[in-house]
Structure formats: C-alpha cells, structure tokens
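As the structure is a prediction and not an experimental result, all values here were calculated from the model.
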Amino acid sequence: MHSALLEQLTPSQRIAVSHHEGPLLVLAGPGSGKTRVITYRIAALIEAGVRPYNICAITFTNKAAEEMRQRAATLGASGGAHISTFHSLCVRILRRYAAAADIHPSFSIYDTSDQNRCIKRAVKDCHLDGTNFPPARMLNAISTLKNKLIDAEAFQGRAEDFFSRTLSQVYTRYQQILAERNALDFDDLLMKTALLVENDADVGRELSDRFKFLLIDEYQDTNHAQYRLAKALALPHGNICATGDPDQSIYRWRGADIRNIMAFEKDWPEAVVVKLEENFRSTDAILKAADTLIAKNQNRKQKRLVATRTDEGKVVVESHEGEVEEADAVARQVEALLDQKVRPGQIAVFYRVNAMSRALEEAFVRHKVPYQIVRGIEFYNRKEIRDLLAYLKVMANPADEVALVRIINTPARGIGKVTVERAQGFATQHGISLSQALTRADEIATLGKAAQLKLKAFAHMMDRFRSQMEGKVAPLAEKVFTESGLEKSFQGTGQEGQDALENISELINAAAVYDQNAEEPSLIDYLQQISLFSDADAYDASSERVALMTLHAAKGLEFEHVFIIGLEDGLLPHERGSEDDDELEEERRLFFVGVTRAKTNLYLSYAWYRTVRGQFLRTVASPFLFELGPGFMADETEPEDEQDAFGGFGRSQRSTAAPAVPVSAAREPEFAPGQMVRHKTFGVGRVTKYADMGANSVVTVRFNSGQTKSLLLQYAHLSAL
C-alpha cells in the first residue's frame, strides 16, 4: 500500500492492514478505527493484486455496510468487492443457487408480523391449544433450532419428550406453510445458506473460489449459523479476517455467541492477533470509567483503552426522585447544552427498554427540545405502509398468501371474509396457491356470480401491475397506490388520513432514493432491503434532533454528549441478569457499549422511585455505578430513612470522578452464599452472591417474595437468621 496511506495508520492498524494471506483476528476496542482498518485492508489487498471480485466484507447493519462501501470508494477500492450484511449475502446466494437450495428465486422474506401469522396457522393446523402452546414460544423455539442449523426433518428424529414431539409437528407444519407461500424467515436465510455451503460440494467450492478473502466485522455478534457459514466459506483457503471486541457482545438474546470470537485462535491456530487499543473517540475520564467497569467481566480478552484525546471531559452521576424528575433534568441539561451552541445531533439519550422513552418525550415536548426516537422498524409497521408494501410483495411473489389476504379487500371492494375462506378452500382442494385460485374464481361453485366477478377483477388488476414491475420502484409504487384505490381511501378522512398520505409519500421518496443509488433497480431487491432494515439503520444523523434510543440501538454510533438513564438494579442490569453470571456479564457489556458511545461528556442518572406496571415502586441504584471506579458514588444522605439499598447519594448528587470521602462505618459482617437473612423492607431471603469491595461491598439476596436485590452492605442493615 502507498506509504502515504500507511502513514495515516497507527502501528497496530498498519500490521492488520498489511497482513496478506492466512487467518487474522483484530481485537478492536471502541473508537479504535475498526472500520478504517477494514476499508484500508480491502484497498491493500487490491493493491497487492487481489481482484476486488474475490473480496467479501460482511458486517451487521445496512448502515455500517454503506459506510464501509463509501470509505472503500474514497480509497478507490470498492468496485467489484462484495460489501454487505450477513443476511444480504445469504439472500444473494440463495437467489443465485435457488435450485440447489430447493427454493424458488423470487421468495419473499417474512418479517416478525408475517411469521406470527404463519406460526398461529401452524399451531391451529396441528389441532393444538394456543394457550398451552403459545405461538410466540413455539416460534422462539423454532428460531433457536434454526440458529443451531437443525431443520425440521433433523429435529423430528431427535424429538423424544412430549413438548419436543409437539414442537416437531409445529415446526414441520410451519415450514410447509412458508414453502406454500414461497417465503423464508430471517433464520431460514442463514440456516439454508450455511447448510447449502456445507452440504453441496459444488456450491461450496464455487463460493469459496469466489470469496478468496473473507473479512467479517463485529465477529463477536455472530450466531452459530453465521459462524458455520463463515467457516465453510474460508476453510479451503484460510483467508479469514475477523474484527471485533468480546467486550461489545450484546446480542446473546438473539443467538449471538461470544464463544465464536473467544475460540477464534483455536479454530485457526495460525491466526495473527492484533489489538487496537488506541481510542480516537472519547476523553480520558470516560475511558477510565469504561475500562474499570468492563474489567469486572471474566469472559473477555484482556486489552486496554488508551485515550488519544488530550481535552478534558466529564462523567456525571445524578439521582432523582422519580422518572418524571429524571426526564425533566435531562431535558433541562440538554437545553443548557443547546444554549452553549451544541448541535442537537451531537446529543443522545440511551435507556435499557423502549418503554422508558415516554417520560423523556413528554419532557422534551414541554421544553421544546427537538428529538427523534430511533426505532425505525415502526415506520414499516404502520398500517398504510404495510398495505402498500403488501401489494408490491404479491407482485414480486404471487404465492405470498399473507400479503395477498391483507390486500384482497384493502381498500374495501366487497370481498368479505367468507369469500376469501371459500377461495382458500378451493386452492387447498386443487393443490394450488390462493393467487392461482383467484384467476379461476368462476370455477368456485360455493361462490355467487357477484363474488366470483370481484375476485376475477382483483386478480386482473394484480396481473396488470405485475406486467409493469420491471425497472424503477418509485413510479411503480405510486401507480399502485393510486390505481389500487388506496390513495382515495385516505382522502377526506381527517388528520389520520393526512398522516397516512404523508407516510406513503415518505415511503415513495425513499423508493426514489433507492432507484437513484441502485445499479439495477428491481422490485425484489427493494423489498429485500426493506425486509432487512433494522433500528440501527433508522438513525438519521442529518436530522439535527436529539436521538432517543435503546442501548442496543446505540451500537456503532457516537455522540459528543451522552445521557444514560435508569441506572437501577432490575433495569440495568436487567432483572434476568440477577441469577445468571453470563447474563450479568452481557448487561455489563451493554452498559460498556453505552458509556463508550460518548465522546466528550457522559451523564448517568437513576431514580429512587419508578412506575412499574402502574405501581410507583422504590428502586435500587445499579451496582454498575460502583464498578466505574472510586468517586462516582459519594456517601451522602438520601431523603427519609430508606438507606436499605443502593441510593443514599443525595437528591441531585453529581460526581466527576473525584475521590470519594472514605466511609467511616463499622465493619459489616460478611455474608456467604446460601445464608438466610432478613431485610426490614424486603423480608426474608437467601444470599446468592457476595462481592467484597471494602466499604462498597455488595450482597445479592433472593427474597421469598420472588425479588432478587443487589444491596450495598453498609446501608442494607441485613440480619443473619
């Protein structure tokens, strides 16, 4: 690579970029220039004589893939290299090798809503009670099996107990329903591709020859199916570069397996390991807190975070009476930043669960602070959007019965539920799709002449739309919106109708942007992009509004000023982490990710009381606050006499990491796991964990009420039983 480009890299970045053949593991801490390393490495490989056609770079969000493509383009290294998400790569492979995968290339990709309809149908078809076998539970179990690359047929052979045998029936029927509708769910995309590459020698060899250099970003977030696919692609040549950070593995709940990155050197014994420890994002105060926090985790690879910024920043901890006061304090602090000429787009507020945004929104509205909720999938879940997209889906895939049933009488055209059910019965009887049955509506003897004519008219309209589906998507979407009657149905219906029209306009504008950027616009490709859209892709950095989002959605982003609210035991860490060390470590990693999004200032807060399921309940400050290092939680008196748990830190106590005043309290007795104790508020319980941290020692107790609490020992006043 040109020396001028190499001079822009740190010594460790230079080693990673210059590595040519063989396995490479890049342990990249937050803000360490990971994307730069990947794009420069693509450029270096091309300069060394590797054809762009033979390079495949995979990341986890469309936004990250687009940023990678743009950065590679500035280095003259983008043309021909495949840069995409895992799911996009799988869609491309499955459409190319559809026959080998035993699917039709025009398959639909079913989202969560579509999957729910199919699983409910599967449970019903298996004559099961949805109360005893909740569809959501069955779907989650099927997803877990697919992530492990266990298909319905394989699972049938190993189902031994009653639940497994029942699940096997539902799994088999669910897959049949998807096949009838020429559809795949998100897990199918990964499972079918991985099994295809592993089991079909010709396909595996062809793809391995095509992708001779595999670069995988965010390797810590891969699940078992993605791990197996990557390994199968790279095994023949060994040119796999995995970039990631075990300390930022936060997707265990959706199948991500931290063991994949932890075992990389075992899988690839000849791997070169490079650590990127210099942080170009955050101030020293933030990095010291983050380093101290994450060091409490056991399941990690040791590295440091070294600040390159010399300017000062601060870490502030603040407590409040309740969530309303907390939200109001955040809004006032944001106002103060805006008065200091900070741009709204440089500020973000993170929280553990989406429900926590309500109080923030109300406070921001009161204070007239511009904000955006980063929850982009919700746009595509709006009824009018789903309706128009359903028309487009049926055009691309006539077998998509979920979409077809949605639009057959939307807007109302006199085709009732009974008519649709009789058409479905005719389709089942003749072994054809519902779409095919509509074209033969005059043969459905159970329908009257008027109903037959309405079905035929609808089928004719869809055929006419389908004949015009080649080329750009935006004009096609606009035509369908107008000629289907959808547009007219919203007119004259007040503000609700006006909002729907504006949302459709936004969708068509987005389609126009797609048309402009795509090399060869196609309806199938456009629908595929929407299907793979995620919350992270929804963040609009150009909007100049304060971003409100979950900690999970914040991954990969950065802001000058970050607020993290709700630092309370049961929220962060989430209650499910109280009795599972792996879950607790993941919660700590999630907090670590949030902390390291901040560039200059970090504001942390918790409330003494929070409304939970309609009840105003006493809370306990998060134990993570004590793990940031000395000085973050000073010893102050909290209101009233409730010093039984974390929380005695003052009504609006702030800390900027100054040393704490030593607590001159009598030495508290240590408690051992298994010991029975009594607490004046929570009652009798059993100790599950004791963390000896001197004055800040923490005891975790499972109370007979079912609650598990982490208590600061010096304030807990526990009595042994």
Side-chain angles (χ1 to χ4, degrees), residues 53-60 65 82-110 115 118 142-158 171-172 174-216 219 221-240 242 254-257 260 267 396-397 399 524-525 527-529 531-532:
Y53 178 81
N54 294 133
I55 298 173
C56 177
I58 307 173
T59 188
F60 272 80
H82 180 88
I83 302 174
S84 77
T85 65
F86 257 110
H87 285 91
S88 292
L89 173 66
C90 290
V91 172
R92 182 168 178 171
I93 290 172
L94 291 175
R95 295 210 194 277
R96 167 70 176 81
Y97 298 100
D102 195 27
I103 55 178
H104 194 279
S106 67
F107 60 82
S108 294
I109 303 170
Y110 271 8
Q115 288 175 259
C118 292
I142 290 170
S143 177
T144 300
L145 290 170
K146 289 183 178 182
N147 278 334
K148 295 178 180 178
L149 300 189
I150 302 172
D151 61 21
E153 186 178 353
F155 184 62
Q156 194 172 26
R158 63 180 72 178
Y171 189 3
T172 300
Y174 173 71
Q175 291 304 113
Q176 289 171 350
I177 291 170
L178 289 178
E180 289 165 6
R181 294 166 188 188
N182 187 27
L184 303 180
D185 63 23
F186 295 124
D187 296 317
D188 282 329
L189 297 177
L190 298 173
M191 179 181 73
K192 287 184 177 294
T193 307
L195 292 176
L196 176 67
V197 175
E198 284 185 344
N199 299 332
D200 190 309
D202 292 336
V203 172
R205 183 168 51 252
E206 192 172 320
L207 286 170
S208 188
D209 287 345
R210 162 75 195 275
F211 300 128
K212 291 182 178 177
F213 286 85
L214 194 61
L215 292 79
I216 303 175
Y219 195 73
D221 291 333
T222 53
N223 62 24
H224 185 67
Q226 291 161 332
Y227 162 79
R228 291 264 294 270
L229 172 59
K231 193 171 183 180
L233 289 172
L235 205 55
H237 48 65
N239 297 324
I240 180 172
R254 70 180 188 196
D257 192 340
N260 295 344
D267 289 338
N397 175 19
I524 288 178
D525 182 60
L527 292 172
Q528 170 187 315
Q529 285 199 14
S531 297
L532 302 179

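Taken from CG in Leu229 to NE2 in His224, the straight-line distance is 11.5 Å, to the nearest 0.5 Å. With values rounded to the nearest 0.5 angstrom, Gln115 atom CD is found 6.5 Å from Asp187 atom CG. Here the CD1 atom belonging to Ile142 is positioned 12.5 Å from the CG atom belonging to Asn147, to the nearest 0.5 angstrom. Put simply, CD1 on Ile93 and NZ on Lys192 are 14.5 Å apart, with the number rounded to the nearest 0.5 Å. Atom CG of Leu89 sits about 7.5 Å away from atom OG1 of Thr193, to the nearest 0.5 Å. Distance OG1/Thr172 to CD1/Ile177: 11.0 Å, rounded to 0.5 Å.
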Side chain to side chain contact (heavy atoms under 4.5 Å, CB included) assessment of Asn223 paired with Gln226:
CA-CA 5 Å; Asn223 62 24; Gln226 291 161 332; 3.3 Å; yes

So Thr85 and His87, side chain to side chain donor-acceptor pair (under 3.5 Å) or not? Walk me through it.
CA-CA 5 Å; Thr85 65; His87 285 91; 5.3 Å; no

Using side chain to side chain contact (heavy atoms under 4.5 Å, CB included), reason through Ile216 and Phe86 one step at a time and then give a plain yes or no.
CA-CA 9 Å; Ile216 303 175; Phe86 257 110; 4.0 Å; yes

Worked verdict on Leu233 versus Cys56 for side chain to side chain contact (heavy atoms under 4.5 Å, CB included):
CA-CA 10 Å; Leu233 289 172; Cys56 177; 6.0 Å; no

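In this structure, Ile109 and Leu527 have side chains that are not in contact, with every pair of non-hydrogen atoms separated by 4.5 Å or more.
With sequence neighbours left out, Arg92 forms a salt bridge (Lys or Arg N to Asp or Glu O under 4.0 Å) with no residue at all. For the side-chain hydrogen bond (donor to acceptor under 3.5 Å, both in side chains) test, residues two or more places apart in sequence or in another chain that qualify with Ser84 are His82. Judged as a ring-ring contact (aromatic ring centres under 6.0 Å, His included), and not counting sequence neighbours, Tyr174 has no contacts. For Tyr110, there are no ring-ring contact (aromatic ring centres under 6.0 Å, His included) partners, not counting sequence neighbours. Applying the ring-ring contact (aromatic ring centres under 6.0 Å, His included) test to Phe107 and every residue at least two apart in sequence or in another chain returns nothing. Residues satisfying the side chain to side chain contact (heavy atoms under 4.5 Å, CB included) criterion with Asn260, sequence neighbours excluded, are Tyr219, Thr222, Tyr227, Asp257. With sequence neighbours left out, the side-chain hydrogen bond (donor to acceptor under 3.5 Å, both in side chains) criterion links Ser208 to no other residue. When the side chain to side chain contact (heavy atoms under 4.5 Å, CB included) test is applied to Asn54, the partners found at least two apart in sequence or on another chain are Val50, Arg51, Lys212. Residues satisfying the side-chain hydrogen bond (donor to acceptor under 3.5 Å, both in side chains) test with His237, not counting sequence neighbours, are none.
Sorted by first and then second residue, the pairs that involve residues 175-184 and meet salt bridge (Lys or Arg N to Asp or Glu O under 4.0 Å), not counting sequence neighbours, are Arg173-Glu180, Arg181-Glu401. Sorted by first and then second residue, the salt bridge (Lys or Arg N to Asp or Glu O under 4.0 Å) pairs with a member in residues 143-157 read Lys146-Asp185, Lys146-Asp188; sequence neighbours excluded.
Leu214 and Ile58 get closest at one heavy-atom pair: CD1-CD1, 4.0 Å. Of all the heavy atoms in Asp221 and Ala256, the pair that sits closest is O-CB, 3.4 Å. Scanning both residues, Ile524 and Ala396, for their nearest heavy atoms gives CG1-CB, 4.0 Å. Across all their heavy atoms, Thr59 and Ala65 have their closest contact at CG2-N, 3.5 Å. For the pair Tyr53 and Arg210, the tightest heavy-atom approach, listed with the atom from each and the gap, is O-NE, 2.8 Å.
Without hydrogens or angle criteria, Asn397 side chain to Asn182 main chain gives a donor-acceptor distance under 3.5 Å.
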Please table the atom pairs, donor to acceptor, closer than 3.5 Å between any side-chain atom in residues 197-205 and protein atoms at least two apart or in another chain.
residue, atom, partner, partner atom, Å
Glu198, OE1, Arg228, NH2, 2.9
Glu198, OE2, Arg228, NE, 2.6
Asn199, ND2, Leu195, O, 3.2
Asp200, OD1, Asp202, N, 3.2
Asp200, OD1, Val203, N, 3.1
Asp202, OD1, Arg205, NH2, 2.6

